[in-house]
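Below: the structure, in structure tokens.
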Amino acid sequence: MLDFVTDKTHDEDRQGEAFAPFQADPNQFGKRFYIESYGCQMNFADSEIVASILHQQGFGATRNLEEADLIFINTCSIREKAEQTVRKRLTEFRKLKERKKGMLVGVLGCMAERLKAKFLEEEKLVDIVVGPDAYRSLPALVEEASGGQKAVNVLLSRDETYADISPVRLDSNGVSAFVSIMRGCNNMCSFCVVPFTRGRERSRDAASIIAECRDLFEKGYKEVTLLGQNVDSYYYTAATTGDEVPAPITFANLLEQVALISPLLRVRFSTSHPKDITDEVLHTIARYENICNYIHLPVQSGSSRILQMMNRTYTREWYLAKVDRIREILPGCGISSDLIAGFCTEEEKDHQETLSIMEYSRYDMSYMFFYSERPGTLAQKRYADDVPEEVKKKRLAEIVALQNRLSLESNLRDIGKTFTVLIEGNSKKSEQDWMGRSSENKVIVFPKNDNNLQKGDYVKVKVTDCTQATLLGKII
Ligand code: SAH
Ligand code: SF4
Ligand code: F3S
């Protein structure tokens, strides 16, 4: 499928997955909720916050739709297709609701925020609509809806970060976890709906982030991924106590503090905006072995003219210089990207510039999309969505074909090299093989060899072969 090429942070395998914590005691809770998540990793992290809020109110999670009293769907608005998927799913919930009286359906996340109360008119079966900054009000809204009212809260906040809420880890592998460090986005890329659905950018209290990461490590986790739409603009100043004026904490400072929890805790982050990633961050990555050598650096387009219309605030040359800088300070660093084919007014020569910037940057992996006009965005207001769909699809297919070649070439370059791999679990294909990742975020599969390793262990693996998506190796 061309619209959405995925990997860990926008993992398509996980789209729509239902989660429930494994340890839940079936008799502990009176009512049960079921939650399904779509969209980016931040939405999945939010579902864990929602689960925590509902748990505290005595609701237990279930993976079984049939036994749920409350069904939540945490939605994404990034492309039209994401919204269509949710609508289709809602029609399935409708059938269930007809059979099961008293069951409530709640819509959470970005689509709830975008459509607000309109959702209730469009989708009669929906009882509750809650935007991403209003999850604390869920218990009250559920109560309201139980009384037969429709319940809505889509207020965005300037300061909500859910810093004090300890997420219930839903369906985790027990090895890697995602930790939100900020919310919202101030960037206003002209194609993007996120600033409207997620509100103003705000950074979460650094102390609460570090405490959450430390707690994860103490529970046996070996990898944390710090999440934000634009992590490089993380900036937090603690409240002044007495005469002491605390120094502000930048993203580089935060990375360092999380890395210092333990050399055995790997630190990743997503997403970096090319305009904001600093030398200080690159040097911090270089200084700590456990900060992974991998940067997701979405370019979107290789044409300066299109980048300007997208309001990305960098040019082709600026981006290329950033890639050079990364390769200079962090030789061997993995780099991946997001690309949009067929943005407004894009011509063949702009598209060729996208292909050439991919070639120059030698991306190990990319998420590739064709442009989908979103209501209310700057691009929708200012520009005509004038690239015909067949042209968008043809260009996207070329981008995908090029990325496939670049991914294979990148993997071929790794043959013969040895990597430290964090074991995440069995390989998808065989219980005889482990699957893990290198610091550069490459997936490596290798035979278990009967030694006493387990998931969460680090092991040195020499790469002997590869496919376009996976490195194959053996333990040394
Ligand atoms: N904050 C991240 C991206 C979040 S959205 C960043 O700035 O990099 C993830 C990706 O979806 C974007 O990078 C972009 O490539 C894609 N995307 C966003 N809006 C889109 C649209 N209207 N049509 C197609 N792709 C879009
Ligand atoms: Fe959207 Fe741009 Fe913000 Fe990313 S940085 S979330 S693409 S507005
Ligand atoms: Fe989608 Fe909202 Fe994330 S629109 S990509 S779920 S921030």
Side-chain angles (χ1 to χ4, degrees), residues 2-7 9-12 14-16 36-47 73-83 85-86 107-115 131-133 156 178 180 182-201 227-233 269-277 295-301 306-307 309-314 319 336-344 346 354 366-380 383 385 387 389 392-393 395-396 399:
L2 288 179
D3 175 49
F4 208 83
V5 176
T6 56
D7 172 284
T9 40
H10 321 233
D11 199 334
E12 194 175 50
R14 296 187 63 190
Q15 297 296 306
E36 214 171 86
S37 309
Y38 293 81
C40 64
Q41 213 42 256
M42 260 156 283
N43 243 18
F44 285 76
D46 278 3
S47 290
I73 181 158
N74 197 354
T75 61
C76 173
S77 287
I78 200 84
R79 284 165 291 274
E80 202 184 331
K81 201 164 146 256
E83 293 202 347
T85 311
V86 167
V107 177
L108 314 177
C110 291
M111 232 176 132
E113 191 62 49
R114 192 176 85 70
L115 292 161
D133 285 348
L156 287 173
F178 293 87
S180 285
M182 56 208 296
R183 299 182 72 84
C185 184
N186 285 356
N187 276 334
M188 288 292 173
C189 302
S190 65
F191 51 80
C192 185
V193 78
V194 171
F196 304 96
T197 62
R198 293 258 160 181
R200 306 290 292 175
E201 178 186 287
L227 290 180
Q229 294 295 358
N230 184 10
V231 290
D232 299 281
S233 60
F269 54 89
S270 185
T271 300
S272 294
H273 194 297
K275 78 174 161 61
D276 292 320
I277 189 164
I295 298 174
H296 184 55
L297 197 71
V299 68
Q300 316 296 0
S301 167
I306 296 290
L307 286 169
M309 286 175 67
M310 287 177 161
N311 202 20
R312 288 291 288 183
T313 71
Y314 53 85
Y319 185 92
S336 59
S337 191
D338 292 352
L339 295 143
I340 299 178
F343 186 66
C344 315
E346 188 187 78
T354 296
S366 292
Y367 304 104
M368 299 160 277
F369 315 99
F370 58 77
Y371 174 58
S372 163
E373 186 179 79
R374 306 311 293 133
T377 55
L378 294 178
Q380 185 260 324
Y383 313 121
D385 178 12
V387 177
E389 187 157 320
K392 285 183 184 172
K393 288 195 170 157
R395 289 181 188 160
L396 180 59
I399 288 171

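Nothing here was measured: the structure is a model prediction, and the numbers come from that model. Worth knowing before you read on, the calculation uses all heavy atoms, side chains too, and leaves out hydrogens, waters and symmetry mates. Numbering of ligands and ligand atoms starts at 1, following listing order. This chain uses plain numbering: 1 for the first residue, then up along the sequence.
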> Side chain, backbone, both or neither: which part of F191 has a heavy atom under 4.0 Å from ligand 1?
Replying inline: both
> Closest heavy-atom contact between Q229 and C40?
Replying inline: NE2-SG, 4.2 Å
> Mind checking whether F370 has a heavy atom under 4.0 Å from ligand 1?
Replying inline: yes
> Hey, is ligand 1 close enough to R374 that some N/O pair sits below 3.5 Å?
Replying inline: no
> Between P298 and P274, which heavy-atom pair has the shortest distance, and what is it?
Replying inline: O-CG, 3.3 Å
> Heavy-atom contact under 4.0 Å between T271 and ligand 1?
Replying inline: yes
>> Within ligand 3, which atoms have a heavy atom of C40 less than 4.0 Å away?
In response: 3 (Fe), 5 (S), 6 (S), 7 (S)
> Do E83 and R374 meet the salt-bridge criterion of a basic N to acidic O distance under 4.0 Å?
Replying inline: yes
> Does ligand 3 have any atom sitting under 4.0 Å from a heavy atom of Q229?
Replying inline: yes
> Taking the inter-plane angle between the rings of Y314 and Y319 on a 0 to 90° scale, is it parallel (under 30°), tilted (30 to 60°) or perpendicular (over 60°)?
Replying inline: tilted
> If you look at every heavy atom in N74 and G109, which pair is closest and at what distance?
Replying inline: OD1-CA, 3.3 Å
> If only atom types and distance count, is the side chain of T377 paired as donor or acceptor with the main-chain N or O of V193 below 3.5 Å?
Replying inline: no
> Under 4.0 Å from any heavy atom of N43, which atoms of ligand 3 are there?
Replying inline: 6 (S)
>> Looking at S37 and F44, would you say the former's side chain and the latter's main chain have a donor-acceptor pair under 3.5 Å?
In response: no
> Quick one: does G109 get a heavy atom under 4.0 Å from ligand 3?
Replying inline: no
> Below 4.0 angstrom, N of the basic side chain to O of the carboxylate: do E346 and K392 qualify?
Replying inline: no
> Of N186, D276, T271, which meets side chain to side chain donor-acceptor pair (under 3.5 Å) against N230?
Replying inline: D276
>> Within ligand 1, which atoms have a heavy atom of P298 less than 4.0 Å away?
In response: 8 (O)
> Sub-3.5 Å donor-acceptor pair from the side chain of T75 to the main-chain atoms of L108, do we have one?
Replying inline: yes
> Salt bridge between R200 and D133, side-chain N to carboxylate O under 4.0 Å?
Replying inline: no
> Looking at C110, which atoms of ligand 3 are within less than 4.0 Å of one of its heavy atoms?
Replying inline: 2 (Fe), 4 (S), 6 (S), 7 (S)
> Has M42 got any heavy atom lying under 4.0 angstrom from an atom of ligand 3?
Replying inline: no
>> Under 4.0 Å, counting heavy atoms only: does R312 come that close to any atom of ligand 1?
In response: yes
> What part of Q300 sits under 4.0 Å from ligand 1 if we count only heavy atoms: the side chain, the backbone, both or neither?
Replying inline: side chain
>> Distance under 4.0 Å to a non-hydrogen atom of R79: what atoms of ligand 1 satisfy this?
In response: 11 (O), 16 (C), 17 (N), 23 (N), 24 (C), 25 (N), 26 (C)
> Can you name the nearest heavy-atom pair linking S272 to I277, along with the distance?
Replying inline: OG-CD1, 3.8 Å
>> Which of the protein's N, O or S atoms come within less than 2.8 Å of atom 2 (Fe) of ligand 2, not counting waters?
In response: C189 SG
>> Keeping N311 on the side-chain end and S190 on the backbone end, is there a donor-acceptor pair under 3.5 Å?
In response: no
> Should the proximity of C76 to ligand 3, defined as any heavy atom under 4.0 Å, be assigned to the side chain, the backbone, both, or neither?
Replying inline: both
> Do E36 and Y38 have side-chain atoms, one donor and one acceptor, less than 3.5 Å apart?
Replying inline: yes
>> At under 4.0 Å between heavy atoms, is it the side chain or the backbone of S372 that contacts ligand 1, or both, or neither?
In response: both
>> Given N230, I78, L339, V193, identify the one with the heavy atom nearest to atom 5 (S) of ligand 1.
In response: I78
